[in-house]
Amino acid sequence: MDARGQSAKCGKVDDPRAGSIAPALLGWYDAHARALPWRAPPGANRADPYRVWLSEVMLQQTTVAAVIPYFERFTTRWTDVAALAAAPEEEVMAAWAGLGYYSRARRLVECARVVADRGGFPEDEAGLRALPGLGAYTAAAVAAIAFGQRAVVVDANVERVVARLFDIDEPLPAARAAIREAADAITPDARSGDFAQAMMDLGAGICSVRAPQCLICPLRSDCRGQARAEQLPVKPPKKAKAQRVGHAWWIERDDAVWLIRRPANGMLGGMRALPDDGWNARRDGSGNAPLDGGWQEAGRVAHVFTHVALDLAVMVSQGDDRPERVNELEEGEWWPLARLDEAGLPTLYARAAAVAMARKG
DNA sequence: GACTCGTGGGT
DNA sequence: TACCCAAGAGT
């Protein structure tokens with residue numbers, strides 16, 4: 001990363017607006033920044049790297065509103081990276097339940113252990129990029145926000161804002177090279193972390209996907225794509241969503257339910273779940289019960305994932321025909337019904353459990 | 001590059 | 001309703 005700003009030559013850097021965008025945006029940010037739990041209070045120069053890193057991982061493809069309660073719970077329970085590193089992976093996964101993209105939780109623990117072992121986070125972008133769960137975006141964001149390094153932070157907000165500012169109408173993902181170059185050109189040497197967060201606040205509140213508020217945008221006089229802002233950036237057509245069916249079994253005994261832990265890879269990997277019939281994104285479930293019993297459908301859960309829609313039948317056994325031969329089951333554990341909300345079930349299985357419980361009355 | 005991987009809110 | 005999409009990473 002060469003520090004640009006005044007002498008770089010390539011492409012959009014020659015744009016006469018390049019030097020005026022950051023000051024305008026930072027001025028706006030100073031007056032309108034959102035107060036978020038992971039941000040340093042006004043006046044403080046840098047935020048806690050642990051909190052910045054944790055928030056950035058949680059925010060990957062996840063809305064601010066969804067993240068906030070999880071962030072509060074995590075930072076209350078694990079106050080620093082050493083505490084998180086010492087936590088059992090299973091507990092962290094359970095605490096992540098409901099937030100989605102569960103491989104993030106496993107890599108979060110993996111990363112925490114690496115960082116704790118080395119005595120702290122790397123402070124440069126390349127070092128951060130080598131950590132588990134930190135890709136190009138997150139490494140740049142942490143370097144800039146937590147360590148004050150100049151880094152070109154490009155997420156979906158920045159892509160949208162930059163595509164509009166520079167009227168880049170090449171479709172994604174091919175446009176990413178041009179967008180990154182333009183983002184580099186407008187990223188200041190000082191306050192690049194604030195600049196990144198300002199771009200995201202702008203993208204979230206003003207330069208929104210639909211109905212952007214160009215009239216009140218602090219960059220309106222520098223924006224070349226204003227006339228067709230809502231059409232930018234141009235996105236590729238989306239793929240059709242597969243439809244799958246599956247079954248899950250509610251196996252209950254002595255006020256406890258049989259829960260398994262899903263294999264580390266694949267959907268809901270590593271998460272606690274009800275036993276099911278092996279449904280996955282590519283294939284319907286077998287429909288075969290894990291043991292004999294007078295199974296009855298308690299209800300169905302229609303659950304939509306990013307790339308597949310699942311229709312899950314929730315099967316319960318009838319009163320006198322309760323399953324007893326637990327040794328026929330795959331590895332798992334009896335989980336007390338009274339503490340079911342602590343099991344860390346991902347949303348699909350939490351919904352399935354709710355269907356089964358409602359059936360019991 | 002193309003795919004996989006969750007969830008909830010907005011329109 | 002049926003989309004669309006969010007502070008992406010890993011394979």
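Residue numbering restarts at 1 for every chain, and letters A, B, ... go by the order of the sequence lines.
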| Passing option when Trp96(A) is tested against Phe74(A), Tyr70(A), Tyr101(A) for ring pair (Phe, Tyr, Trp, His ring centres under 6.0 Å) |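 Only one of Phe74(A), Tyr70(A), Tyr101(A) forms a ring pair (Phe, Tyr, Trp, His ring centres under 6.0 Å) with Trp96(A), namely Phe74(A).
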
Residue pairs passing the side chain to side chain donor-acceptor pair (under 3.5 Å) test with at least one member in residues 270-281 of chain A, sequence neighbours excluded, are Glu90(A)-Arg272(A), His247(A)-Asp277(A), Arg262(A)-Asp276(A), Arg272(A)-Glu333(A), Asp276(A)-Trp279(A), Asp276(A)-Tyr349(A), Trp279(A)-Tyr349(A)

Problem set entry | side chain to side chain donor-acceptor pair (under 3.5 Å) pairs, two or more places apart, involving residues 129-149 of chain A |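 Found Glu56(A)-Tyr137(A), Gln60(A)-Thr138(A).
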
Contact class for [X] vs. all strands (heavy atom < 4.0 Å): base, sugar-phosphate, or nothing?
| X | answer |
| --- | --- |
| Trp96(A) | nothing |
| Arg351(A) | nothing |
| Thr138(A) | sugar-phosphate |
| Leu268(A) | sugar-phosphate |
| Arg160(A) | sugar-phosphate |
| Gly266(A) | sugar-phosphate |
| Val57(A) | nothing |
| Met267(A) | sugar-phosphate |
| Ala196(A) | nothing |
| Ala281(A) | sugar-phosphate |

Provide, to the nearest angstrom, the distance between the [atom1] atom belonging to [X] and the [atom2] atom belonging to [N].
| X | N | atom1 | atom2 | answer |
| --- | --- | --- | --- | --- |
| Met93(A) | dC5(B) | CE | C1' | 12 Å |
| Asn157(A) | dA6(C) | CG | P | 7 Å |
| His307(A) | dT11(C) | NE2 | C1' | 13 Å |
| Tyr349(A) | dG6(B) | OH | P | 11 Å |
| Asn265(A) | dC5(B) | CG | C1' | 11 Å |
| Leu59(A) | dG8(B) | CG | P | 16 Å |
| Leu128(A) | dA9(C) | CG | P | 12 Å |
| Leu36(A) | dA6(C) | CG | C1' | 14 Å |

- Item | Sub-4.0 Å heavy-atom contacts from residues 60-74 of chain A onto DNA chain B, ordered by number |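 Heavy-atom contacts with DNA chain B come from Gln61(A), Thr62(A).
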
Which residues within residues 102-112 of chain A lie with some heavy atom under 4.0 Å of an atom in DNA chain B?
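The answer is Tyr102(A).
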
Mark yes or no for whether Gln226(A), through its side chain, and Arg220(A), through its backbone, hold a donor-acceptor pair below 3.5 Å. yes

Assert: residue with more 5' nearest nucleotide on DNA chain C, out of Arg129(A) and Arg34(A), is Arg34(A)

Tell me whether [X] is salt-bridged to [Y], with the criterion being a basic N under 4.0 Å from an acidic carboxylate O.
| X | Y | answer |
| --- | --- | --- |
| Arg180(A) | Glu159(A) | no |
| Arg39(A) | Asp201(A) | yes |
| Glu72(A) | Arg51(A) | no |
| Arg300(A) | Glu297(A) | yes |
| Arg339(A) | Glu342(A) | yes |

_Phosphate-side-chain proximity, Thr347(A) and dT7(B), N/O vs OP1/OP2 below 4.0 Å_ = yes

Phe147(A) meets the ring-ring contact (aromatic ring centres under 6.0 Å, His included) criterion, sequence neighbours left out, with none

Would you indicate which nucleotide in dA2(B), dG8(C), dT4(B) comes nearest to any side-chain atom of Pro173(A)?
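Nearest nucleotide to the side chain: dA2(B).
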
Rounded P spacing from dA7(C) to dG10(B) in Å: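 My reading of the P atoms in dA7(C) and dG10(B) gives 14 Å.
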
Please lay out, stage by stage, how Ser103(A) and Arg107(A) fare under the test side-chain hydrogen bond (donor to acceptor under 3.5 Å, both in side chains). CA-CA 6 Å; Ser103(A) 65; Arg107(A) 296 197 179 102; 3.2 Å; yes

Short heteroatom pairs, N/O only, protein and nucleotides 1-4 of chain C, under 3.5 Å:
| unit_1 | atom_1 | unit_2 | atom_2 | d |
| --- | --- | --- | --- | --- |
| dC4(C) | OP1 | Lys238(A) | NZ | 2.4 |

*asked:* Applying side chain to side chain contact (heavy atoms under 4.5 Å, CB included) to Phe305(A) and Leu268(A), what does each step give before you reach the verdict?
replied: CA-CA 11 Å; Phe305(A) 299 94; Leu268(A) 312 176; 4.2 Å; yes

### Message
Side chains of Gln296(A) and Arg359(A): any donor to acceptor distance under 3.5 Å?
### Response
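A pair is found: one side chain offers a donor N or O, the other an acceptor, under 3.5 Å apart.
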
